[in-house]
2 protein chains.
Amino acid sequence: MSRTIKVLLAEDQSMVREALAALLGLEEDIEVVAQVARGDAVLSAARDHGVDVALLDIEMPGATGIEAAAELHRELPALKVVVLTTFGRPGYLRSAMEAGADAFLVKDAPASQLAEAIRKVLAGERVIDPSLAAAALADGANPLTDREREVLRAAADGSTNAELAAALHLSQGTVRNYLSTAIQKLAVRNRAEAVRIAREKGWL
Amino acid sequence: MSRTIKVLLAEDQSMVREALAALLGLEEDIEVVAQVARGDAVLSAARDHGVDVALLDIEMPGATGIEAAAELHRELPALKVVVLTTFGRPGYLRSAMEAGADAFLVKDAPASQLAEAIRKVLAGERVIDPSLAAAALADGANPLTDREREVLRAAADGSTNAELAAALHLSQGTVRNYLSTAIQKLAVRNRAEAVRIAREKGWL
DNA sequence: CCCGCCGTATGACATCTGTCATGCAGGATC
DNA sequence: GATCCTGCATGACAGATGTCATACGGCGGG
(Lines give C-alpha, C1' and ligand atoms only; values in the text may rest on other atoms or scores of the structure.)
Protein backbone atom coordinates (compact mmCIF):
# COMPACT_ATOMS: atom_id res chain seq x y z
CA MET A 1 0.00 0.00 0.00
CA SER A 2 1.05 3.58 -0.57
CA ARG A 3 1.87 6.08 2.15
CA THR A 4 -0.35 9.09 2.81
CA ILE A 5 -0.40 12.04 0.45
CA LYS A 6 1.38 15.06 1.92
CA VAL A 7 -0.43 18.31 1.24
CA LEU A 8 0.57 21.95 1.62
CA LEU A 9 -2.28 24.39 2.14
CA ALA A 10 -1.85 28.04 1.16
CA GLU A 11 -4.77 30.34 1.94
CA ASP A 12 -4.73 33.66 3.70
CA GLN A 13 -7.96 33.49 5.66
CA SER A 14 -7.11 31.43 8.73
CA MET A 15 -10.59 30.25 9.34
CA VAL A 16 -11.03 28.97 5.82
CA ARG A 17 -7.55 27.49 5.77
CA GLU A 18 -8.01 25.57 8.99
CA ALA A 19 -11.47 24.48 7.96
CA LEU A 20 -10.09 23.08 4.72
CA ALA A 21 -7.43 21.31 6.74
CA ALA A 22 -10.13 19.77 8.92
CA LEU A 23 -11.98 18.68 5.80
CA LEU A 24 -8.91 17.05 4.29
CA GLY A 25 -8.07 15.55 7.67
CA LEU A 26 -11.18 13.42 7.34
CA GLU A 27 -9.61 11.63 4.39
CA GLU A 28 -7.56 8.60 5.40
CA ASP A 29 -4.99 8.89 2.65
CA ILE A 30 -4.38 12.63 2.92
CA GLU A 31 -2.33 14.53 5.45
CA VAL A 32 -1.96 18.30 5.62
CA VAL A 33 1.66 18.69 6.61
CA ALA A 34 2.04 22.45 6.17
CA GLN A 35 -0.10 25.56 6.15
CA VAL A 36 0.92 29.02 4.98
CA ALA A 37 -0.97 32.30 4.72
CA ARG A 38 1.20 34.08 2.15
CA GLY A 39 2.11 33.39 -1.45
CA ASP A 40 5.77 34.08 -0.84
CA ALA A 41 5.96 31.45 1.89
CA VAL A 42 4.85 28.62 -0.37
CA LEU A 43 8.12 27.50 -1.94
CA SER A 44 10.20 27.11 1.21
CA ALA A 45 7.38 25.38 3.06
CA ALA A 46 6.97 22.94 0.19
CA ARG A 47 10.69 22.21 0.25
CA ASP A 48 10.88 21.82 4.01
CA HIS A 49 8.05 19.33 4.24
CA GLY A 50 8.61 17.15 1.20
CA VAL A 51 5.13 17.87 -0.01
CA ASP A 52 3.36 15.87 -2.75
CA VAL A 53 0.61 18.34 -3.60
CA ALA A 54 0.27 22.08 -3.04
CA LEU A 55 -3.21 23.54 -2.69
CA LEU A 56 -3.07 27.25 -3.50
CA ASP A 57 -5.61 30.02 -3.13
CA ILE A 58 -5.16 32.80 -5.70
CA GLU A 59 -5.81 35.94 -3.68
CA MET A 60 -3.03 36.06 -1.09
CA PRO A 61 -0.61 38.66 0.24
CA GLY A 62 3.06 38.35 -0.71
CA ALA A 63 2.42 36.64 -4.03
CA THR A 64 -0.67 35.31 -5.77
CA GLY A 65 -1.31 31.59 -5.94
CA ILE A 66 -0.59 31.82 -9.65
CA GLU A 67 2.84 33.29 -9.04
CA ALA A 68 3.49 30.66 -6.39
CA ALA A 69 2.41 27.95 -8.82
CA ALA A 70 4.88 29.16 -11.43
CA GLU A 71 7.65 29.19 -8.85
CA LEU A 72 6.86 25.67 -7.68
CA HIS A 73 6.68 24.43 -11.23
CA ARG A 74 10.13 25.84 -11.91
CA GLU A 75 11.82 24.77 -8.70
CA LEU A 76 10.03 21.53 -7.82
CA PRO A 77 8.68 20.16 -11.08
CA ALA A 78 7.59 16.86 -9.56
CA LEU A 79 5.22 18.61 -7.16
CA LYS A 80 1.56 18.69 -8.21
CA VAL A 81 -0.29 21.97 -7.94
CA VAL A 82 -4.00 22.51 -7.32
CA VAL A 83 -5.26 26.07 -7.62
CA LEU A 84 -8.35 26.83 -5.57
CA THR A 85 -10.19 30.10 -5.95
CA THR A 86 -13.29 32.02 -5.04
CA PHE A 87 -13.66 33.49 -8.47
CA GLY A 88 -14.18 31.39 -11.56
CA ARG A 89 -12.58 33.91 -13.84
CA PRO A 90 -11.58 32.55 -17.20
CA GLY A 91 -8.38 34.55 -17.22
CA TYR A 92 -7.36 33.05 -13.90
CA LEU A 93 -7.80 29.57 -15.28
CA ARG A 94 -5.69 30.44 -18.27
CA SER A 95 -2.90 31.96 -16.18
CA ALA A 96 -2.99 29.07 -13.73
CA MET A 97 -2.56 26.56 -16.54
CA GLU A 98 0.24 28.61 -18.07
CA ALA A 99 1.89 28.62 -14.64
CA GLY A 100 1.87 24.84 -14.66
CA ALA A 101 -1.10 24.09 -12.40
CA ASP A 102 -2.48 20.56 -12.58
CA ALA A 103 -5.96 21.35 -11.31
CA PHE A 104 -8.19 24.39 -11.06
CA LEU A 105 -11.11 24.34 -8.62
CA VAL A 106 -13.61 26.99 -7.58
CA LYS A 107 -14.72 27.23 -3.99
CA ASP A 108 -18.35 26.80 -4.83
CA ALA A 109 -17.79 23.32 -6.16
CA PRO A 110 -18.81 20.51 -3.78
CA ALA A 111 -16.25 19.74 -1.10
CA SER A 112 -15.90 16.16 -2.28
CA GLN A 113 -14.14 17.39 -5.41
CA LEU A 114 -11.22 18.65 -3.39
CA ALA A 115 -9.87 15.30 -2.16
CA GLU A 116 -10.81 13.81 -5.47
CA ALA A 117 -8.79 16.41 -7.37
CA ILE A 118 -5.79 15.80 -5.13
CA ARG A 119 -5.87 12.08 -5.89
CA LYS A 120 -6.35 12.68 -9.59
CA VAL A 121 -3.44 15.05 -10.04
CA LEU A 122 -1.22 12.57 -8.25
CA ALA A 123 -2.37 9.96 -10.73
CA GLY A 124 -1.20 12.27 -13.48
CA GLU A 125 -4.60 13.64 -14.47
CA ARG A 126 -5.55 17.25 -14.92
CA VAL A 127 -8.72 18.55 -13.30
CA ILE A 128 -10.58 21.55 -14.61
CA ASP A 129 -14.19 22.61 -14.70
CA PRO A 130 -15.35 22.03 -18.30
CA SER A 131 -17.63 25.07 -18.41
CA LEU A 132 -14.86 27.31 -17.16
CA ALA A 133 -12.51 25.85 -19.71
CA ALA A 134 -15.06 26.66 -22.40
CA ALA A 135 -15.39 30.22 -21.14
CA ALA A 136 -11.64 30.65 -21.09
CA LEU A 137 -11.38 29.48 -24.66
CA ALA A 138 -14.31 31.59 -25.80
CA ASP A 139 -12.87 34.74 -24.25
CA GLY A 140 -9.56 34.22 -25.95
CA ALA A 141 -6.35 35.61 -24.57
CA ASN A 142 -6.00 38.83 -22.64
CA PRO A 143 -6.09 41.56 -25.31
CA LEU A 144 -4.50 44.19 -23.11
CA THR A 145 -0.85 45.15 -23.36
CA ASP A 146 1.26 45.32 -20.21
CA ARG A 147 0.99 49.06 -20.06
CA GLU A 148 -2.74 49.08 -20.58
CA ARG A 149 -3.17 46.57 -17.77
CA GLU A 150 -0.93 48.57 -15.53
CA VAL A 151 -2.80 51.80 -16.13
CA LEU A 152 -6.16 50.10 -15.75
CA ARG A 153 -5.12 48.50 -12.48
CA ALA A 154 -3.93 51.84 -11.18
CA ALA A 155 -7.14 53.51 -12.30
CA ALA A 156 -9.28 50.96 -10.49
CA ASP A 157 -9.35 52.85 -7.22
CA GLY A 158 -10.77 56.01 -8.75
CA SER A 159 -7.53 57.90 -9.27
CA THR A 160 -7.70 60.83 -11.66
CA ASN A 161 -5.61 61.07 -14.83
CA ALA A 162 -3.21 63.47 -13.18
CA GLU A 163 -2.61 61.08 -10.29
CA LEU A 164 -2.15 58.16 -12.66
CA ALA A 165 0.33 60.13 -14.73
CA ALA A 166 2.34 61.02 -11.64
CA ALA A 167 2.24 57.50 -10.23
CA LEU A 168 3.28 55.84 -13.47
CA HIS A 169 5.71 58.51 -14.70
CA LEU A 170 3.74 59.14 -17.86
CA SER A 171 2.19 62.19 -19.39
CA GLN A 172 -1.49 62.74 -18.77
CA GLY A 173 -2.20 62.38 -22.44
CA THR A 174 -0.50 59.01 -22.58
CA VAL A 175 -2.55 57.80 -19.66
CA ARG A 176 -5.66 58.82 -21.53
CA ASN A 177 -4.48 57.07 -24.68
CA TYR A 178 -3.92 53.80 -22.83
CA LEU A 179 -7.24 53.99 -21.12
CA SER A 180 -8.88 54.83 -24.40
CA THR A 181 -7.42 51.82 -26.20
CA ALA A 182 -8.26 49.56 -23.26
CA ILE A 183 -11.82 50.86 -23.33
CA GLN A 184 -12.08 50.08 -27.01
CA LYS A 185 -10.54 46.63 -26.74
CA LEU A 186 -12.99 45.71 -24.01
CA ALA A 187 -15.85 47.26 -25.99
CA VAL A 188 -17.10 49.42 -23.14
CA ARG A 189 -17.84 53.11 -22.61
CA ASN A 190 -15.62 54.31 -19.80
CA ARG A 191 -12.78 53.36 -17.48
CA ALA A 192 -15.05 52.16 -14.70
CA GLU A 193 -16.69 49.62 -16.96
CA ALA A 194 -13.32 48.67 -18.37
CA VAL A 195 -12.04 47.95 -14.87
CA ARG A 196 -15.10 45.88 -14.07
CA ILE A 197 -14.95 43.78 -17.23
CA ALA A 198 -11.21 43.22 -17.02
CA ARG A 199 -11.65 42.10 -13.41
CA GLU A 200 -14.44 39.72 -14.29
CA LYS A 201 -12.38 38.10 -16.99
CA GLY A 202 -9.36 37.85 -14.75
CA TRP A 203 -7.30 40.11 -16.98
CA LEU A 204 -6.19 42.59 -14.40
CA MET B 1 -24.71 17.22 31.32
CA SER B 2 -26.08 19.34 28.48
CA ARG B 3 -26.96 18.03 25.04
CA THR B 4 -24.99 19.05 21.96
CA ILE B 5 -25.34 22.50 20.46
CA LYS B 6 -27.31 22.41 17.20
CA VAL B 7 -25.86 24.71 14.57
CA LEU B 8 -27.19 25.95 11.23
CA LEU B 9 -24.54 26.90 8.68
CA ALA B 10 -25.36 29.42 5.94
CA GLU B 11 -22.63 30.08 3.39
CA ASP B 12 -22.89 30.05 -0.38
CA GLN B 13 -19.55 28.54 -1.31
CA SER B 14 -20.03 24.80 -0.89
CA MET B 15 -16.42 24.03 -0.32
CA VAL B 16 -16.07 26.60 2.42
CA ARG B 17 -19.39 25.63 3.94
CA GLU B 18 -18.57 21.96 4.10
CA ALA B 19 -15.08 22.68 5.34
CA LEU B 20 -16.51 24.75 8.18
CA ALA B 21 -18.89 21.91 8.93
CA ALA B 22 -15.94 19.53 9.13
CA LEU B 23 -14.17 21.94 11.44
CA LEU B 24 -17.14 22.23 13.77
CA GLY B 25 -17.65 18.49 13.55
CA LEU B 26 -14.38 18.08 15.40
CA GLU B 27 -15.94 19.69 18.46
CA GLU B 28 -17.63 17.22 20.76
CA ASP B 29 -20.35 19.52 21.96
CA ILE B 30 -21.30 20.96 18.55
CA GLU B 31 -23.38 19.40 15.82
CA VAL B 32 -24.08 20.99 12.42
CA VAL B 33 -27.67 19.94 11.82
CA ALA B 34 -28.42 22.04 8.75
CA GLN B 35 -26.59 23.71 5.89
CA VAL B 36 -27.99 26.23 3.45
CA ALA B 37 -26.44 28.17 0.58
CA ARG B 38 -28.90 31.06 0.33
CA GLY B 39 -29.94 33.84 2.66
CA ASP B 40 -33.61 33.26 1.97
CA ALA B 41 -33.40 29.61 3.02
CA VAL B 42 -32.16 30.39 6.53
CA LEU B 43 -35.39 30.96 8.42
CA SER B 44 -37.24 27.83 7.41
CA ALA B 45 -34.17 25.65 7.90
CA ALA B 46 -33.70 27.08 11.37
CA ARG B 47 -37.34 26.34 12.20
CA ASP B 48 -37.27 22.83 10.80
CA HIS B 49 -34.21 21.73 12.71
CA GLY B 50 -34.74 23.34 16.10
CA VAL B 51 -31.40 25.08 15.84
CA ASP B 52 -29.62 26.73 18.79
CA VAL B 53 -27.17 28.89 16.85
CA ALA B 54 -27.15 30.16 13.28
CA LEU B 55 -23.80 30.85 11.64
CA LEU B 56 -24.34 33.27 8.76
CA ASP B 57 -22.06 34.46 6.01
CA ILE B 58 -22.91 37.98 4.77
CA GLU B 59 -22.44 37.71 1.02
CA MET B 60 -25.06 35.22 -0.15
CA PRO B 61 -27.63 35.04 -2.93
CA GLY B 62 -31.30 35.40 -2.02
CA ALA B 63 -30.70 37.58 1.02
CA THR B 64 -27.60 38.79 2.85
CA GLY B 65 -26.63 37.27 6.17
CA ILE B 66 -27.58 40.58 7.75
CA GLU B 67 -31.08 40.40 6.36
CA ALA B 68 -31.34 36.79 7.46
CA ALA B 69 -30.15 37.76 10.93
CA ALA B 70 -32.86 40.40 11.22
CA GLU B 71 -35.47 37.89 10.14
CA LEU B 72 -34.29 35.30 12.66
CA HIS B 73 -34.19 37.87 15.41
CA ARG B 74 -37.80 38.80 14.68
CA GLU B 75 -39.20 35.30 14.20
CA LEU B 76 -37.08 33.19 16.54
CA PRO B 77 -35.79 35.57 19.21
CA ALA B 78 -34.31 32.80 21.33
CA LEU B 79 -31.97 31.73 18.56
CA LYS B 80 -28.41 33.02 18.77
CA VAL B 81 -26.86 34.49 15.64
CA VAL B 82 -23.19 34.53 14.68
CA VAL B 83 -22.27 36.56 11.59
CA LEU B 84 -19.15 35.40 9.81
CA THR B 85 -17.67 37.44 7.01
CA THR B 86 -14.72 37.80 4.69
CA PHE B 87 -14.68 41.55 4.99
CA GLY B 88 -14.15 43.34 8.27
CA ARG B 89 -16.13 46.36 7.21
CA PRO B 90 -17.17 48.62 10.05
CA GLY B 91 -20.55 49.26 8.46
CA TYR B 92 -21.22 45.54 8.28
CA LEU B 93 -20.55 45.18 11.97
CA ARG B 94 -22.89 48.03 12.71
CA SER B 95 -25.68 46.62 10.56
CA ALA B 96 -25.17 43.13 11.96
CA MET B 97 -25.52 44.42 15.48
CA GLU B 98 -28.59 46.42 14.58
CA ALA B 99 -30.03 43.26 13.05
CA GLY B 100 -29.67 41.52 16.38
CA ALA B 101 -26.51 39.47 15.82
CA ASP B 102 -24.82 38.12 18.94
CA ALA B 103 -21.36 37.69 17.45
CA PHE B 104 -19.41 39.08 14.53
CA LEU B 105 -16.38 37.20 13.27
CA VAL B 106 -14.07 37.76 10.31
CA LYS B 107 -12.79 34.80 8.36
CA ASP B 108 -9.19 35.68 8.91
CA ALA B 109 -9.49 35.18 12.63
CA PRO B 110 -8.09 31.87 13.92
CA ALA B 111 -10.41 28.92 13.50
CA SER B 112 -10.50 28.28 17.23
CA GLN B 113 -12.53 31.43 17.71
CA LEU B 114 -15.43 29.96 15.82
CA ALA B 115 -16.39 27.21 18.26
CA GLU B 116 -15.51 29.53 21.09
CA ALA B 117 -17.87 32.19 19.81
CA ILE B 118 -20.66 29.66 19.46
CA ARG B 119 -20.28 28.63 23.08
CA LYS B 120 -20.06 32.20 24.27
CA VAL B 121 -23.21 33.43 22.56
CA LEU B 122 -25.08 30.49 24.03
CA ALA B 123 -23.84 31.57 27.42
CA GLY B 124 -25.37 34.97 26.74
CA GLU B 125 -22.17 36.77 25.80
CA ARG B 126 -21.59 38.95 22.78
CA VAL B 127 -18.48 38.41 20.69
CA ILE B 128 -16.99 41.15 18.56
CA ASP B 129 -13.50 42.04 17.46
CA PRO B 130 -12.49 45.03 19.61
CA SER B 131 -10.51 46.75 16.85
CA LEU B 132 -13.41 46.43 14.45
CA ALA B 133 -15.75 47.79 17.06
CA ALA B 134 -13.45 50.76 17.48
CA ALA B 135 -13.37 51.34 13.73
CA ALA B 136 -17.15 51.16 13.54
CA LEU B 137 -17.48 53.74 16.29
CA ALA B 138 -14.80 55.97 14.79
CA ASP B 139 -16.46 55.96 11.39
CA GLY B 140 -19.79 56.94 12.83
CA ALA B 141 -23.04 56.13 11.13
CA ASN B 142 -23.55 55.93 7.40
CA PRO B 143 -23.80 59.56 6.26
CA LEU B 144 -25.52 58.74 2.98
CA THR B 145 -29.24 59.10 2.45
CA ASP B 146 -31.24 56.23 0.95
CA ARG B 147 -31.26 57.84 -2.47
CA GLU B 148 -27.58 58.62 -2.44
CA ARG B 149 -26.80 55.02 -1.57
CA GLU B 150 -29.11 53.78 -4.27
CA VAL B 151 -27.55 55.97 -6.94
CA LEU B 152 -24.04 55.12 -5.81
CA ARG B 153 -24.80 51.42 -5.86
CA ALA B 154 -26.22 51.73 -9.36
CA ALA B 155 -23.20 53.76 -10.48
CA ALA B 156 -20.76 51.14 -9.23
CA ASP B 157 -20.72 49.16 -12.46
CA GLY B 158 -19.66 52.11 -14.58
CA SER B 159 -23.09 53.19 -15.80
CA THR B 160 -23.29 56.68 -17.25
CA ASN B 161 -25.51 59.43 -15.86
CA ALA B 162 -28.05 58.92 -18.61
CA GLU B 163 -28.30 55.20 -17.84
CA LEU B 164 -28.61 55.87 -14.14
CA ALA B 165 -31.34 58.44 -14.73
CA ALA B 166 -33.28 55.98 -16.88
CA ALA B 167 -32.83 53.09 -14.47
CA LEU B 168 -33.86 55.07 -11.41
CA HIS B 169 -36.56 57.22 -13.05
CA LEU B 170 -34.80 60.44 -12.20
CA SER B 171 -33.59 63.37 -14.24
CA GLN B 172 -29.95 63.38 -15.22
CA GLY B 173 -29.38 66.52 -13.19
CA THR B 174 -30.78 64.88 -10.08
CA VAL B 175 -28.49 61.93 -10.52
CA ARG B 176 -25.56 64.30 -10.70
CA ASN B 177 -26.73 66.12 -7.61
CA TYR B 178 -26.90 62.91 -5.58
CA LEU B 179 -23.53 61.77 -6.74
CA SER B 180 -22.12 65.20 -6.03
CA THR B 181 -23.41 65.24 -2.45
CA ALA B 182 -22.24 61.65 -1.90
CA ILE B 183 -18.80 62.61 -3.20
CA GLN B 184 -18.65 65.52 -0.79
CA LYS B 185 -19.91 63.54 2.20
CA LEU B 186 -17.26 60.90 1.60
CA ALA B 187 -14.62 63.58 1.02
CA VAL B 188 -13.44 62.17 -2.29
CA ARG B 189 -12.99 63.49 -5.83
CA ASN B 190 -15.19 61.40 -8.10
CA ARG B 191 -17.84 58.70 -8.19
CA ALA B 192 -15.36 55.86 -8.58
CA GLU B 193 -13.60 56.79 -5.35
CA ALA B 194 -16.93 57.32 -3.68
CA VAL B 195 -17.99 53.81 -4.61
CA ARG B 196 -14.73 52.38 -3.34
CA ILE B 197 -14.83 54.17 0.00
CA ALA B 198 -18.50 53.43 0.59
CA ARG B 199 -17.81 49.77 -0.13
CA GLU B 200 -14.85 49.65 2.22
CA LYS B 201 -16.88 51.10 5.01
CA GLY B 202 -19.75 48.74 4.35
CA TRP B 203 -22.10 51.61 3.53
CA LEU B 204 -23.31 50.43 0.19
C1' DC C 1 -45.91 77.77 13.04
C1' DC C 2 -41.31 77.92 11.35
C1' DC C 3 -36.97 75.60 10.35
C1' DG C 4 -34.39 72.30 8.37
C1' DC C 5 -33.76 68.15 5.78
C1' DC C 6 -34.97 65.11 1.97
C1' DG C 7 -36.26 64.23 -2.68
C1' DT C 8 -36.65 66.24 -6.91
C1' DA C 9 -35.59 69.45 -10.61
C1' DT C 10 -33.23 73.26 -13.68
C1' DG C 11 -29.49 76.01 -15.67
C1' DA C 12 -24.77 77.63 -15.98
C1' DC C 13 -20.14 76.85 -15.50
C1' DA C 14 -15.49 74.60 -15.05
C1' DT C 15 -13.09 70.56 -15.30
C1' DC C 16 -12.29 65.82 -16.47
C1' DT C 17 -12.60 62.13 -19.82
C1' DG C 18 -12.60 59.83 -24.16
C1' DT C 19 -11.44 60.12 -29.18
C1' DC C 20 -8.69 61.02 -32.93
C1' DA C 21 -4.88 62.51 -35.87
C1' DT C 22 -0.28 62.74 -35.79
C1' DG C 23 4.52 62.22 -34.60
C1' DC C 24 8.81 59.84 -33.16
C1' DA C 25 12.07 56.22 -31.41
C1' DG C 26 13.27 51.43 -30.78
C1' DG C 27 12.77 46.59 -31.53
C1' DA C 28 11.04 42.69 -34.40
C1' DT C 29 10.20 40.69 -38.81
C1' DC C 30 10.79 39.96 -43.35
C1' DG D 1 17.02 48.10 -45.07
C1' DA D 2 11.94 48.73 -45.25
C1' DT D 3 8.03 47.82 -42.63
C1' DC D 4 5.35 47.10 -38.69
C1' DC D 5 4.21 47.13 -33.92
C1' DT D 6 4.71 49.08 -29.20
C1' DG D 7 5.54 52.65 -26.04
C1' DC D 8 5.34 57.27 -25.53
C1' DA D 9 3.96 61.94 -26.52
C1' DT D 10 1.16 66.28 -28.21
C1' DG D 11 -2.86 69.06 -29.48
C1' DA D 12 -7.71 69.73 -30.51
C1' DC D 13 -12.30 68.68 -29.87
C1' DA D 14 -16.78 66.77 -28.06
C1' DG D 15 -19.09 64.93 -24.55
C1' DA D 16 -19.45 63.43 -19.63
C1' DT D 17 -18.93 64.74 -14.98
C1' DG D 18 -18.81 67.62 -10.81
C1' DT D 19 -20.16 72.11 -8.59
C1' DC D 20 -23.13 75.61 -7.37
C1' DA D 21 -27.21 78.52 -6.93
C1' DT D 22 -31.83 78.16 -6.88
C1' DA D 23 -36.48 76.35 -6.49
C1' DC D 24 -40.56 73.77 -4.59
C1' DG D 25 -43.43 70.36 -1.90
C1' DG D 26 -43.50 67.33 2.04
C1' DC D 27 -42.46 65.92 6.51
C1' DG D 28 -40.70 65.95 11.21
C1' DG D 29 -38.92 68.63 15.34
C1' DG D 30 -38.94 72.34 18.25
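Hydrogens, waters and symmetry mates play no part in the numbers below; they use all other heavy atoms, side chains included. Protein chains get the first letters and strands the later ones, always in sequence-line order, with residue 1 at the start of each.
- Across residues 189-204 of chain B, B/Asn190, B/Arg191 each have a non-hydrogen atom less than 4.0 Å from an atom of DNA chain D (numbered order).
- When the local axes at the two ends of the helix from C/dG7-D/dC24 to C/dC30-D/dG1 are compared, using 5 base pairs at each end, they differ in direction by 40° after rounding to 10°.
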- Task: For A/Lys107 and A/Leu84, run side chain to side chain contact (heavy atoms under 4.5 Å, CB included): C-alpha distance rounded to whole Å, both residues' side-chain angles, the deciding distance at 0.1 Å, then the answer.
- Result: CA-CA 7 Å; A/Lys107 285 183 188 167; A/Leu84 178 65; 4.0 Å; yes
Short heteroatom pairs, N/O only, protein and nucleotides 23-28 of chain C, under 3.5 Å:
none

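- With sequence neighbours excluded, the residues satisfying salt bridge (Lys or Arg N to Asp or Glu O under 4.0 Å) with B/Arg119 are B/Glu27, B/Asp29.
- Taking the 5' to 3' direction, DNA chain D first and last meets chain B under 4.0 angstrom from a heavy atom at D/dT17 to D/dC20.
- Formation of a donor-acceptor pair under 3.5 Å by the B/Asp57 side chain with backbone atoms of B/Ala10 is not found in this model.
- Qualifying salt bridge (Lys or Arg N to Asp or Glu O under 4.0 Å) partners for B/Arg176, counting only residues two or more places apart in sequence or in other chains: none.
- Electrostatic pairing of A/Glu150 and A/Arg147 counts as a salt bridge here, judged by a charged N lying under 4.0 Å from a carboxylate O.
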May I have the list of side-chain donor-acceptor pairs in residues 30-37 of chain A shorter than 3.5 Å, sequence neighbours left out?
| unit_1 | atom_1 | unit_2 | atom_2 | d |
| --- | --- | --- | --- | --- |
| A/Glu31 | OE1 | A/Thr4 | OG1 | 3.2 |
| A/Gln35 | OE1 | A/Arg17 | NE | 2.9 |

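- Rounded to whole Å, atom P of C/dC16 lies 13 Å from atom CD1 of B/Ile183.
- With contacts defined as side-chain heavy-atom distances shorter than 4.5 Å, the pair A/Glu71/A/Asp40 does not qualify.
- For A/Asn161, a side-chain nitrogen or oxygen approaches OP1 or OP2 of C/dT17 to under 4.0 Å.
- Within a 6.0 Å radius of CZ in B/Arg189, no more than 12 heavy atoms belonging to other residues, nucleotides or ligands are found.
- For the side-chain contact (heavy atoms from CB on, under 4.5 Å) test, residues two or more places apart in sequence or in another chain that qualify with B/Ala109 are A/Met15, B/Val106, B/Gln113.
- Residues forming a side-chain contact (heavy atoms from CB on, under 4.5 Å) with A/Ala46 (at least two apart in sequence, or on another chain): A/Leu8, A/Leu72, A/Leu76, A/Leu79.
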Practice task
Decide yes or no on side chain to side chain donor-acceptor pair (under 3.5 Å) for B/Glu148 and B/Thr181, but give the supporting numbers first.
Solution key: CA-CA 8 Å; B/Glu148 285 159 3; B/Thr181 57; 2.9 Å; yes
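- Contact check of residues 167-182 of chain B against DNA chain D (heavy atom, cut-off under 4.0 Å) returns B/Arg176, B/Asn177, B/Ser180.
- Considering only residues two or more places apart in sequence or on other chains, B/Ser180 meets the side-chain contact (heavy atoms from CB on, under 4.5 Å) condition with B/Gln184.
- When atom types are taken as modelled, the side chain of A/Asn142 and the backbone of A/Trp203 share a donor-acceptor pair closer than 3.5 angstrom.
- Partners of B/Asp12 by salt bridge (Lys or Arg N to Asp or Glu O under 4.0 Å), not counting sequence neighbours: none found.
- Interatomic distance, A/Ser95 OG to A/Arg89 CZ, rounded to the nearest 0.5 Å: 11.5 Å.
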